[in-house]
Structures are given as C-alpha cells and as structure tokens.
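Everything below concerns the one structure shown next.
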Amino acid sequence: MTERQRREAIVVRRATQGDAESIATIHVDAWRHNYRGLIDDDTLARRDFDSRLGTWRRELELGAEVLVAVQRQAVVGWARVGAFRHPPETRPDVRSTTQGWAEIHGLYVSPSAQRCGVGSRLLREADSVFTARCFRNVGLWAFANNLAAIRFYESCGFSDQKLDQNFEINGQPLVERLLARRL
Ligand SMILES: CC(C)(COP(=O)(O)OP(=O)(O)OC[C@H]1O[C@@H](n2cnc3c(N)ncnc32)[C@H](O)[C@@H]1OP(=O)(O)O)[C@@H](O)C(=O)NCCC(=O)NCCS
C-alpha cells in the first residue's frame with residue numbers, strides 16, 4: 001500500500017460505547033510512548049488501563065463527544081471535542097480570550113499509527129463539527145514541553161497564544177500552553 005493510499009484509508013466517525021476499550025488503550029499507550037521524559041515515570045506507570053477504561057465508559061455514557069479514526073477496521077486515534085472548558089480556577093485573561101471558543105479536549109493517535117495523517121484527519125473532522133455549530137475559533141492546551149505535539153498543531157495552522165497556565169499531575173508541576181486558530 002502506498003503512503004497516499006494509507007492516508008486515504010482513514011475513516012472518521014462518532015465514537016460509541018463499544019469504542020471505550022480502544023480509546024483507553026490508545027490513551028495509555030500514547031502517554032507511555034510520547035510522554036516519557038516529559039512526565040515522571042511514576043506518573044506514567046500509574047496511568048493504568050483499567051482506570052482509564054472506567055473513566056471512558058462513564059464519559060461516553062454521559063455523552064462525551066469523541067471522534068474515532070478507523071484504519072483497516074481498527075480504531076487508531078481519537079479526538080474529544082466540545083466547547084472550551086472553564087473550570088472555576090480559570091484565570092480571567094484566559095476566560096475572556098477563550099469565551100465562546102471550541103476546544104480540542106484531547107487528541108491521541110496509537111503509537112504504531114503516528115505520522116500517517118491520522119491526527120490531522122481527526123482535526124479536519126473536528127473542524128466540520130465546530131463550523132456546523134458556528135464556532136469561529138478553536139483552542140487547546142498542550143504541555144509546553146510537548147514539542148512534537150506543538151509542531152504538529154503548528155503544521156495544522158495553530159499558533160501560540162502566549163497564555164500559559166500552571167498545572168500539576170501527582171505533584172509534578174507542568175506548564176500548559178494555549179494554542180489556537182480561527183475556523
Ligand atoms: C500529536 C499527534 C496527535 C499527531 O498525530 P499524527 O497522526 O502522528 O500526526 P500527522 O501524521 O497527522 O502529522 C501531520 C503533520 O504534523 C507534523 N508532525 C506530526 N508529528 C510530529 C512530530 N512528532 N514532530 C514534528 N512534527 C510532527 C508534521 O508536519 C506532519 O506532517 P508530515 O508527517 O507529512 O511531516 C500524535 O503524535 C499523538 O497522539 N501524540 C501523543 C499524544 C499527544 O501529544 N497529543 C496531543 C496532546 S495536546
């Protein structure tokens with residue numbers, strides 16, 4: 001199969017309850033594969049499949065909007081999409097900048113399928129969902145030290161909004177960077 005055919009063979013659809021296992025597997029595998037060196041080994045080891053599966057089953061049951069990319073009948077990536085989230089601790093400058101935006105809540109591609117066009121295809125499908133709902137801007141938070149993901153988003157038209165926020169996972173301080181683009 002040529003590279004072009006590989007990229008064409010990706011189908012994106014809305015996730016169902018039956019996709020929870022695939023979504024959780026990709027989530028855990030991509031964390032361990034891509035975040036080694038960015039996040040403490042201890043934290044990565046604690047990201048276990050069973051707890052992720054429980055979380056995803058609940059999220060899908062509650063109506064989380066997740067797009068899955070399918071290649072040769074296997075789910076190879078997912079994107080969770082929706083309105084921009086503003087938890088209570090959101091800073092006023094972040095809140096005012098991102099008010100009314102769409103958000104990519106999460107985007108993960110199976111390590112074995114990375115760099116084959118799956119992530120960019122999921123972003124294009126997310127665009128269709130957002131424009132159908134009249135959103136004008138889409139944003140997302142990426143770990144500031146996740147340079148590979150930042151390169152990926154930049155290649156898809158996102159730019160650094162110069163609004164970082166501090167974040168903590170299991171006591172490890174991390175910085176998240178706001179990336180965005182117009183739809
Ligand atoms: C980031 C991620 C979603 C990208 O998905 P992907 O399917 O591998 O990306 P694509 O194949 O669509 O890449 C499109 C373009 O983005 C850029 N890109 C992708 N991965 C890159 C990397 N590791 N380094 C530099 N540029 C990259 C390239 O320009 C690429 O085009 P090319 O392959 O023709 O050169 C995927 O690597 C992933 O799941 N990473 C782990 C989880 C993660 O970091 N998610 C983002 C959280 S905010």
Side-chain angles (χ1 to χ4, degrees), residues 1-16 18-53 55-56 59-60 64-82 102-130 138-161 167 169 172 174-181 183:
M1 196 185 268
T2 65
E3 188 57 25
R4 185 148 183 265
Q5 284 167 325
R6 251 189 120 182
R7 287 176 188 244
E8 279 171 358
I10 302 163
V11 173
V12 176
R13 60 168 172 76
R14 174 93 187 246
T16 66
D19 295 312
E21 274 196 30
S22 305
I23 292 170
T25 302
I26 293 169
H27 205 174
V28 172
D29 287 353
W31 264 71
R32 294 198 176 143
H33 179 82
N34 296 92
Y35 291 174
R36 195 158 302 286
L38 307 183
I39 290 179
D40 289 345
D41 286 353
D42 203 34
T43 304
L44 292 178
R46 277 195 236 173
R47 287 256 144 173
D48 71 294
F49 171 76
D50 289 343
S51 65
R52 280 295 116 185
L53 178 60
T55 304
W56 277 112
E59 296 278 318
L60 289 167
E65 190 161 11
V66 182
L67 302 172
V68 288
V70 180
Q71 215 173 21
R72 276 162 274 144
Q73 281 149 27
V75 173
V76 290
W78 57 265
R80 182 171 177 182
V81 300
E103 181 179 352
I104 302 290
H105 298 164
L107 173 61
Y108 286 83
V109 175
S110 174
S112 60
Q114 289 178 9
R115 223 56 202 262
C116 295
V118 175
S120 40
R121 177 66 193 282
L122 280 162
L123 279 186
R124 282 202 299 282
E125 297 292 332
D127 274 5
S128 306
V129 171
F130 295 145
V138 55
L140 61 94
W141 293 105
F143 293 137
N145 59 357
N146 188 357
L147 298 183
I150 291 172
R151 297 284 165 274
F152 161 75
Y153 287 120
E154 286 173 346
S155 84
C156 296
F158 285 78
S159 61
D160 183 353
Q161 301 300 296
F167 184 75
I169 302 182
Q172 181 187 355
L174 288 160
V175 176
E176 286 185 312
R177 176 154 300 169
L178 181 65
L179 302 173
R181 71 173 167 72
L183 286 160

Q. Where do Asn145 and Val175 land on the side chain to side chain contact (heavy atoms under 4.5 Å, CB included) test, with the steps shown first?
A. CA-CA 8 Å; Asn145 59 357; Val175 176; over 6 Å; no
Q) Does the pair Arg181 and Asp127 meet the rule for a salt bridge (charged side-chain N to carboxylate O under 4.0 Å, His left out), with working shown? A) CA-CA 11 Å; Arg181 71 173 167 72; Asp127 274 5; 2.9 Å; yes
Q) What's the verdict on side chain to side chain contact (heavy atoms under 4.5 Å, CB included) for Leu107 and Leu122, showing C-alpha distance, side-chain angles and the deciding distance? A) CA-CA 8 Å; Leu107 173 61; Leu122 280 162; 3.7 Å; yes
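For the pair Asp29 (side chain) and Ile26 (backbone), a donor-acceptor distance under 3.5 Å is absent. Within the 3.5 Å criterion, the main-chain N or O of Ile10 finds a donor-acceptor partner in the side chain of Arg121. No donor-acceptor pair closer than 3.5 Å links the side chain of Gln71 to the backbone N or O of Val76. Judged by distance alone, the side chain of Gln114 and the main-chain N or O of Ser112 form no donor-acceptor pair under 3.5 Å. Checked by atom type and distance alone, the side chain of Arg32 pairs as donor or acceptor with a backbone atom of Arg47 at under 3.5 Å.
A distance of 8.5 Å separates CG of Leu178 from CD of Glu103, quoted to the nearest 0.5 Å. Taken to the nearest 0.5 Å, the CZ atom of Arg46 stands 12.5 Å off from the CD1 atom of Ile39. Here Arg52 contributes atom CZ and Glu59 contributes atom CD; the two are 9.0 Å apart, rounded to the nearest 0.5 Å. Annotation: the span from Leu44 atom CG to Asn34 atom CG amounts to 10.5 Å, rounded to 0.5 Å. If you take CG on Leu123 and CG on Leu140, they are separated by 8.0 Å, rounding to the nearest 0.5 Å. Atoms CZ and OH, from Arg177 and Tyr153 in turn, are 14.0 Å apart once rounded to the nearest 0.5 Å.
For the pair Ile169/Tyr35, no side-chain contact is recorded, criterion being any heavy-atom separation below 4.5 Å from C-beta on. Contact of the Ile104 side chain with the Val81 side chain is registered, since non-hydrogen atoms from C-beta on lie closer than 4.5 Å. Residues Arg13 and Val75 meet the side-chain proximity criterion, which asks for heavy atoms closer than 4.5 Å.
Closest of all the heavy-atom pairs between Leu60 and Ala15 is CD2-CB, 4.2 Å. Of all non-hydrogen atoms in Leu38 and Asn146, the two that sit nearest each other are CD1-CA, 3.9 Å. Among all heavy-atom pairs drawn from Cys156 and Ser120, the shortest one is SG-CB, 4.0 Å. Contact detail for Ala30 and Tyr108: the closest heavy-atom pair is CB-CD2, 3.6 Å. In plain terms, the two heavy atoms of Ala142 and Leu179 that are nearest each other are CB-CD1, 4.2 Å. Here the closest non-hydrogen pair linking Ala144 and Ile150 is O-CD1, 3.7 Å.
Aromatic ring pairs are classed by plane angle as parallel below 30°, tilted from 30° to 60° and perpendicular above 60°; the pair Phe167 and Phe143 is tilted. Taking the six-membered ring where the residue is Trp, Trp56 and Trp78 present perpendicular rings, their angle passing 60° and hence far from 30°.
With hydrogens and angles left out, the side-chain atoms of Asp48 and Ser51 include a donor and acceptor closer than 3.5 Å.
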